[in-house]
Every structure is written in structure tokens, then in C-alpha cells.
Student: 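Below is one structure. I have some questions about it.
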Amino acid sequence: MPFSQKILQWYAENKRELPWRSTTDPYKIWLSEIMLQQTRVAQGTPYYLKFVKHFPTVVHLADAPEEEVLKLWQGLGYYSRARNLHATAKKVAYKMNGEFPDSYAELIKLKGIGDYTASAIASICFGELQPVVDGNVFRVLARYFGVDRPINDSGGPKYFKKLAREVMPLEEIREYNQGIMEFGAIQCAPKKPYCLHCPLNESCVALQKNKVHELPIKLRKTKVRNRFFNYLVVLGQNEQGESVSILNQRTGKGIWQNLYEFPLVESEARIGLDTLKKSIPSNLQPDLINEINLYNEKEIVHKLSHQHLHTRFWIVKTTAVISKGIPLKDLEKYAVPVLIAEFMKAFKF
DNA sequence: AAAACGGGGAC
DNA sequence: GTCCCAGTTTT
């Protein structure tokens with residue numbers, strides 16, 4: 001039996017019931033695919049359910065303010081996905097009559113949709129003959145066919161896409177594409193594949209050569225940059241006498257674009273109170289600050305894929321009236337990074 | 001071609 | 001600690 005038929009048979013017997021498996025609505029498939037980019041099913045599923053409930057159609061999503069989209073996305077990471085999601089929703093809703101394109105060629109033109117996602121939507125929703133190549137497929141193909149070429153050198157992805165196209169079936173592309181990914185996620189797992197009772201173990205090159213744990217080959221280690229964050233948690237009052245604090249929106253390039261955070265003083269290394277005081281932005285009216293207390297002596301090291309954020313929170317009490325302050329009860333309405341959300345939860349304003 | 005971009009779970 | 005997840009965009 002050919003490779004693709006084995007995959008289809010395995011999938012028929014082992015598929016999980018997932019919320020997006022019972023529809024071919026391009027909106028819902030698109031939503032699930034964007035959310036699952038570089039994200040495990042278990043982590044993405046609650047967000048998918050939340051979004052479908054909150055935004056039943058692409059028009060609902062398009063009509064929402066970006067702030068609302070980011071708030072619902074909070075905690076899922078890679079926030080450019082949320083911003084691109086919203087931009088594409090607007091385009092589909094307002095310029096394409098609310099209907100997603102029905103081909104790979106048109107889908108890949110949309111923001112946030114690359115080769116994988118265009119292939120997934122085109123095949124799953126419209127039956128177009130496009131093989132998907134995600135992290136699971138790289139692994140399954142590299143092992144089964146014994147490909148020792150790196151998956152991420154120049155031409156690597158193209159090589160695997162071609163191989164994927166050569167071995168895909170001409171029928172049942174919907175089930176096959178989902179099947180090979182599911183097979184990679186469940187059976188041909190990265191660390192502990194179940195080779196003993198694998199339906200492909202008699203013809204798997206990696207297994208025969210005892211190279212299962214060496215494949216796929218991936219180049220590059222991520223080098224991490226250390227950064228030192230000092231957040232100023234301002235406590236004051238507004239004109240109405242309400243207790244307020246301050247949040248700023250991150251703009252420009254870099255991490256957490258368009259999310260909110262406390263006023264930030266970044267430094268080259270850990271700093272003390274004296275150095276911090278000299279760095280406080282003038283718009284915080286440093287002369288009207290009563291006292292500053294360090295919340296956490298021990299740095300919180302928040303780890304991103306390319307950065308370690310050594311973070312300390314400083315509680316800044318002021319008698320000055322903060323006219324643009326955010327009432328404490330409203331803080332939770334803003335989209336913030338997990339680092340900030342965890343502080344808010346622990347601090348209990 | 002390489003780096004940037006989150007957060008969490010498995011080991 | 002390391003690896004990597006239904007990848008895409010920017011430099």
C-alpha cells in the first residue's frame with residue numbers, strides 16, 4: 001500500500017475530534033490555521049472557541065476594534081498574527097463581499113497567510129490539490145524517506161514541498177493533509193515516536209537506518225538577547241478622585257506591538273533606585289512623586305524565544321493629579337503581555 | 001539568507 | 001535547561 005493510503009487509513013482510525021474538524025467554512029478554518037501557527041492544539045483550542053463565539057462571521061471580526069481582537073488574543077503570543085488576522089478580516093469583509101478566496105493563489109496574497117496556511121485552506125475548504133508542509137510534515141517525510149538534508153537551509157522548504165507533492169494522493173486531499181499532520185503530532189512525534197506499532201514501520205527509512213531520533217535535521221540555534229525592564233507602576237488619582245494607574249501602548253517595531261504596558265524604563269543592566277530616578281520620563285512629573293518602592297527584589301525573567309526580559313516592578317506613588325490615568329478597575333480591559341498580566345494578578349491593585 | 005516574533009508543554 | 005509547536009514577515 002502506498003504511503004498516502006497508509007496515512008489515510010491511520011487517520012481514519014486515529015483522528016481526534018477537534019472543533020474545526022466538523023466544518024469546511026473558510027472563515028473557521030482560516031481562524032484555526034492562523035491560531036495554530038507555531039502553537040500546539042491544546043494551547044490554541046480555547047482561543048478558537050472564544051473567537052468563534054465572539055465573532056461568528058468574518059464581518060463580526062472585521063467590525064471589531066483592533067483593541068478588542070488583541071484583548072481576546074492576549075496570551076496566545078506572536079501578536080502580529082492577531083493584527084494580520086484583523087487586517088485580512090477587513091479586506092475579506094469589505095472588499096471581497098465577505099467571502100474568502102477559493103484558491104491557493106489568491107489566499108496567499110492575504111496578510112498572515114503563507115504557503116502552509118494557503119495550502120491548508122485551499123485543500124480543506126475547496127479540495128484544491130495542494131500539499132501542506134508544516135512542522136509535522138517535515139518530520140514525517142524526513143523520517144519515512146530518510147531525508148538528511150536540513151529542513152531550513154536555503155531550498156530546504158522547497159525540497160520538502162516538492163517531495164510532499166510527489167507523494168500526496170489525487171483523491172481525498174482534505175483528509176490526507178489533516179491526516180499527515182495528525183500522524184506527525186500523535187504517532188511520529190518528535191521525542192517519543194511509537195515506531196513499534198507504526199503502520200509504516202516496515203518501510204520507514206529512518207527506522208531501518210536507526211536514525212529516527214536524528215531526523216529531521218534543523219539548523220541554527222536561537223541566540224538570546226538579555227534585556228532589563230523596569231516597569232513604573234504609578235498609583236495616583238484623577239480629577240474625580242478615582243484611584244488610577246498608567247498604561248502606555250507599545251508602538252513601532254519589536255515585541256508586543258500595540259499591546260499595553262506600564263511606563264517602561266529599559267536599562268543596559270540591573271539598576272538601583274538612584275539610577276532609575278534619573279531615567280524617569282519627565283511626563284511622569286518626577287518632582288511630584290512621593291515615594292518609590294521596589295516590588296520585586298528578585299528579577300522576574302520572562303523568556304521569549306529570542307529575548308530574556310529581566311524585569312523589576314517599581315511602585316510609584318504620586319500626589320499629582322493624573323488626568324489621563326486609567327481607573328484601576330479598567331486595567332483588565334487592556335490587552336497586555338503575559339508578563340504584565342501576571343503582575344496585575346499578583347499585585348491585586 | 002537570517003533574524004524577529006510569544007508562550008507553554010514535554011522531557 | 002532544550003526542543004518545538006497546523007509559520008509568516010521583515011531585514
Side-chain angles (χ1 to χ4, degrees), chain A residues 11 15-16 18-21 28-48 70 73-85 87-88 107-121 123-124 130-140 150-158 160-161 164 174 176-186 188-193 213 216-225 227 250 252-259 301-309 335-342:
Chain A
Y11 185 56
K15 70 183 283 192
R16 291 170 290 181
L18 300 174
W20 48 87
R21 290 241 165 105
K28 292 180 178 173
I29 298 299
W30 166 68
L31 208 47
S32 71
E33 293 300 346
I34 301 296
M35 288 178 166
L36 293 176
Q37 289 168 3
Q38 293 292 285
T39 305
R40 291 170 192 283
V41 167
Q43 188 187 2
T45 299
Y47 287 83
Y48 172 82
L70 284 172
W73 197 274
Q74 179 180 311
L76 195 53
Y78 283 164
Y79 296 94
S80 66
R81 291 184 294 170
R83 298 191 303 270
N84 288 333
L85 184 85
T88 290
L107 285 162
I108 202 169
K109 295 177 182 173
L110 299 172
K111 282 185 183 174
I113 298 185
D115 174 72
Y116 163 76
T117 305
S119 300
I121 299 173
S123 63
I124 295 171
Q130 293 286 348
V132 293
V133 182
D134 72 336
N136 294 306
V137 177
F138 275 123
R139 184 169 56 256
V140 172
I151 63 174
N152 61 339
D153 66 358
S154 69
K158 198 171 186 176
F160 278 87
K161 179 86 176 179
R174 289 182 171 87
Y176 171 78
N177 271 344
Q178 295 178 81
I180 190 171
M181 291 191 285
E182 187 86 333
F183 179 81
I186 307 292
C188 193
K191 295 293 171 58
K192 288 191 167 184
H213 292 282
I217 293 174
K218 198 172 188 177
L219 303 177
R220 252 187 260 139
K221 304 269 188 243
T222 60
K223 50 177 178 291
V224 174
R225 174 162 71 119
R227 303 177 70 179
R250 289 186 72 95
K253 308 199 175 299
I255 59 173
W256 302 333
Q257 251 177 66
N258 296 8
L259 272 65
V301 184
H302 188 75
K303 294 178 179 177
L304 309 179
S305 35
H306 292 75
Q307 306 181 15
H308 286 184
L309 308 177
V336 298
V338 165
L339 173 63
I340 301 297
E342 287 182 340

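Sequence lines set the chain letters: A, B, ... in the order given, protein chains first and strands last, and positions in each chain run from 1.
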Student: Which sits closer to the 5' end of DNA chain B, A/Q257 or A/K223, going by the nucleotide each is nearest to?
Tutor: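 Result: A/K223.
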Student: Given side chains that start at C-beta, do those of A/D115 and A/Q130 come closer than 4.5 Å, heavy atoms only?
Tutor: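 No; the side chains remain at least 4.5 Å from each other.
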Student: Tell me, do A/W256 and A/Y79 make a side-chain contact under 4.5 Å, heavy atoms counted?
Tutor: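 Heavy-atom side-chain distance check passes, below 4.5 Å.
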Student: Here's a test of your reading of the structure: between A/R225 and A/K192, which maps to the more 5' nucleotide of DNA chain B?
Tutor: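 This one resolves to A/R225.
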Student: Using the C1' atom in both, what is the distance from B/dC5 to C/dC5, to the nearest Å?
Tutor: 14 Å
Student: Just call it for A/Q178: base, sugar-phosphate, or nothing, with non-hydrogen atoms closer than 4.0 Å on any strand.
Tutor: nothing
Student: When the nearest nucleotide of DNA chain C is assigned to A/L18 and to A/I113 on a heavy-atom basis, which residue is associated with the more 5' position?
Tutor: A/L18
Student: Which part of the nucleic acid, if any, lies within reach of A/T117 when heavy atoms closer than 4.0 Å are counted: base, sugar-phosphate only, or nothing?
Tutor: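 Answer is sugar-phosphate: A/T117 comes under 4.0 Å of backbone atoms only.
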Student: Ignoring hydrogens and angles, tell me if any N or O in the side chain of A/R139 forms a donor-acceptor pair with the backbone of A/C188 under 3.5 Å.
Tutor: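 Confirmed, A/R139 side chain pairs with A/C188 backbone.
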Student: Hey, does A/G44 reach any base, or is it just sugar-phosphate, or nothing, if we go heavy atoms under 4.0 Å?
Tutor: nothing
Student: Would you indicate whether the side-chain heavy atoms of A/H302 and A/P337 approach each other to under 4.5 Å?
Tutor: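 Not touching, per the 4.5 Å side-chain cut-off.
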Student: Please find the earliest and latest nucleotides of DNA chain B, in the 5' to 3' direction, that have an atom within less than 4.0 Å of any heavy atom of chain A.
Tutor: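 Result: B/dA1 to B/dG9.
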Student: Can you work out whether A/Q43 or A/D115 has the more 5'-proximal nearest nucleotide on DNA chain C?
Tutor: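 Its nearest nucleotide being more 5', the pick is A/Q43.
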Student: Counting only heavy atoms not in A/K111, do more than 12 sit closer than 6.0 Å to its NZ atom?
Tutor: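 Count not over threshold, so no.
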Student: Just so I know, are the side chains of A/I34 and A/Y48 near enough to count as touching, which here means a heavy-atom distance under 4.5 Å?
Tutor: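 No; the side chains remain at least 4.5 Å from each other.
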Student: Using a 4.0 Å heavy-atom cut-off, does A/G254 contact any base of the nucleic acid, only the sugar-phosphate backbone, or nothing at all?
Tutor: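 Answer is sugar-phosphate: A/G254 comes under 4.0 Å of backbone atoms only.
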Student: Would you measure the distance from the C1' atom in B/dG6 across to the matching atom in C/dC4 and give it in whole Å?
Tutor: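 It works out to 13 Å between them.
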Student: May I ask you to say what A/S305 touches in the nucleic acid, namely base, sugar-phosphate or nothing, with a heavy-atom cut-off under 4.0 Å?
Tutor: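 Base contact.
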Student: Is A/I34 touching bases, backbone alone, or none of the nucleic acid, heavy atoms closer than 4.0 Å?
Tutor: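 Nothing, no heavy atom under 4.0 Å.
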Student: Strictly by modelled atom types, are A/E33 and A/Y116 linked by a side-chain donor-acceptor pair under 3.5 Å?
Tutor: yes
Student: What residues, two or more places apart in sequence or in another chain, satisfy side-chain contact (heavy atoms from CB on, under 4.5 Å) together with A/P193?
Tutor: A/R143, A/C195, A/V212, A/H213
Student: Side chains of A/V137 and A/F160: does their closest heavy-atom pair fall under 4.5 Å?
Tutor: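 No, every pair of side-chain atoms sits at 4.5 Å or beyond.
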Student: Remember a base hit wins even if backbone is also touched, and classify A/W20 as base, sugar-phosphate or nothing at under 4.0 Å, heavy atoms.
Tutor: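 Base: the residue A/W20, judged by heavy atoms under 4.0 Å, touches a nucleobase.
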Student: Nucleotide range of DNA chain C contacted by chain A, 5' to 3', under 4.0 Å to a heavy atom?
Tutor: C/dG1 to C/dT11
Student: Which whole number of Å gives the distance between the P atom of B/dC11 and that of C/dA6?
Tutor: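 These two P atoms come out 14 Å apart once rounded.
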